[in-house]
Amino acid sequence: KLSNVGKAGLVTSAITLLQIVPIIFTPSKHLSNYGYDIGTMHPDVQSMMLMIIPIWGLMGLAAVLMRLSIIVVGDKASMSASNRGAVMTYAVMMGYAASMKTSVTEMDSTKMTIQIMVFFVYMMGLHFAQIFDDKKRA
């Protein structure tokens with residue numbers, strides 16, 4: 001039987017996996033979905049971005065796989081620690097997305113707002129799952 005943290009972790013991890021795949025395999029298309037044309041950059045910057053963006057996606061993939069393995073093992077202390085880290089990660093990603101939305105005027109503001117809202121929903125879902133589990137244990 002999964003705890004609330006385990007359930008919330010499985011849901012957010014599954015959805016995150018779907019979001020990470022295009023970042024890893026088609027980074028320029030991923031950026032273009034947000035209205036940013038990587039072709040307008042200097043060729044050296046293009047090369048760097050096309051190298052860095054998939055690495056960022058692979059880091060996200062590693063984090064998701066780590067969380068899934070912790071959930072499968074079922075150690076509640078590890079799940080709680082991983083969950084708290086994920087909540088902080090989503091909070092930071094919201095800040096990054098908000099910074100990009102305001103500083104990179106070429107980006108589609110509406111799509112950036114939607115992405116920020118997705119991070120917020122993930123963060124709050126994981127946060128309240130943690131609270132509910134902690135209340136059960138108390």
Side-chain angles (χ1 to χ4, degrees):
K1 181 178 172 172
L2 278 177
S3 64
N4 290 319
V5 167
K7 291 174 191 171
L10 284 176
V11 169
T12 57
S13 293
I15 297 169
T16 300
L17 280 175
L18 294 174
Q19 292 177 309
I20 285 177
V21 170
I23 295 170
I24 295 170
F25 295 108
T26 56
S28 58
K29 184 176 182 295
H30 173 70
L31 282 177
S32 70
N33 287 338
Y34 291 96
Y36 196 78
D37 182 12
I38 200 166
T40 62
M41 297 177 171
H42 185 277
D44 292 340
V45 176
Q46 283 181 23
S47 298
M48 182 185 70
M49 292 293 284
L50 291 174
M51 179 181 67
I52 290 173
I53 293 170
I55 292 171
W56 177 68
L58 288 170
M59 290 169 56
L61 176 63
V64 165
L65 293 175
M66 178 188 66
R67 288 185 62 215
L68 290 175
S69 64
I70 290 169
I71 291 167
V72 168
V73 170
D75 180 57
K76 293 197 186 317
S78 297
M79 275 196 282
S80 292
S82 174
N83 188 60
R84 287 184 175 99
V87 168
M88 292 304 296
T89 299
Y90 286 126
V92 169
M93 290 174 75
M94 277 177 40
Y96 286 152
S99 296
M100 285 180 67
K101 178 181 173 177
T102 57
S103 63
V104 183
T105 56
E106 301 89 20
M107 307 229 35
D108 185 330
S109 181
T110 302
K111 287 184 179 177
M112 291 302 290
T113 300
I114 291 168
Q115 188 62 50
I116 291 168
M117 289 169 44
V118 168
F119 289 145
F120 182 76
V121 168
Y122 286 179
M123 181 183 73
M124 296 312 290
L126 293 170
H127 174 70
F128 283 110
Q130 185 72 53
I131 289 172
F132 295 147
D133 281 352
D134 288 347
K135 282 187 174 187
K136 263 198 254 180
R137 281 190 282 253

Checklist entry - What pairs of residues pass the side chain to side chain donor-acceptor pair (under 3.5 Å) test when at least one of them lies in residues 17-27, not counting sequence neighbours? => result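 For residues 17-27: Gln19-Tyr122.
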If we only count heavy atoms from C-beta on, is the [X] to [Y] side-chain gap below 4.5 Å?
{"X": "Tyr36", "Y": "Met112", "result": "no"}
{"X": "Met123", "Y": "Phe119", "result": "no"}
{"X": "Arg67", "Y": "Leu126", "result": "yes"}
{"X": "Ser28", "Y": "Leu50", "result": "yes"}

Checklist entry - Linking Ile, Leu, Val, Met, Phe, Trp and Tyr by side-chain heavy atoms under 4.5 Å, what else ends up with Val64? => result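 Besides Val64, the hydrophobic cluster comprises Leu2, Val5, Leu10, Leu17, Ile20, Val21, Ile24, Phe25, Leu58, Leu61, Leu65, Met66, Leu68, Ile70, Ile71, Met79, listed by chain and residue number.
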Checklist entry - Using a side-chain heavy atom cutoff under 4.5 Å and only I, L, V, M, F, W and Y, what cluster partners does Tyr96 have? => result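 Members other than Tyr96 - counting any ILVMFWY side chain reachable under 4.5 Å - are Val92.
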Next on the checklist: Among residues at least two apart in sequence or on other chains, which ones pass salt bridge (Lys or Arg N to Asp or Glu O under 4.0 Å) with Asp134?
Outcome noted: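 So Asp134 forms a salt bridge (Lys or Arg N to Asp or Glu O under 4.0 Å) with Arg84, Arg137.
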Item to check | Side-chain donor/acceptor of Ser78 to backbone N/O of Gly74, under 3.5 Å | outcome: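 No.
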Next on the checklist: Nearest 0.5 Å, please: how far is CE in Met93 from CE in Met100?
Outcome noted: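 Met100 CE to Met93 CE: 11.0 Å, rounded to 0.5 Å.
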Item to check | Residue pairs passing the ring pair (Phe, Tyr, Trp, His ring centres under 6.0 Å) test where at least one lies in residues 46-79, sequence neighbours excluded | outcome: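 Checked against ring pair (Phe, Tyr, Trp, His ring centres under 6.0 Å) - neighbours excluded - no pair reaches residues 46-79.
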Item to check | Residue pairs involving residues 18-47 (criterion salt bridge (charged side-chain N to carboxylate O under 4.0 Å, His left out); sequence neighbours excluded) | outcome: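 Listed once each, the pairs would be none.
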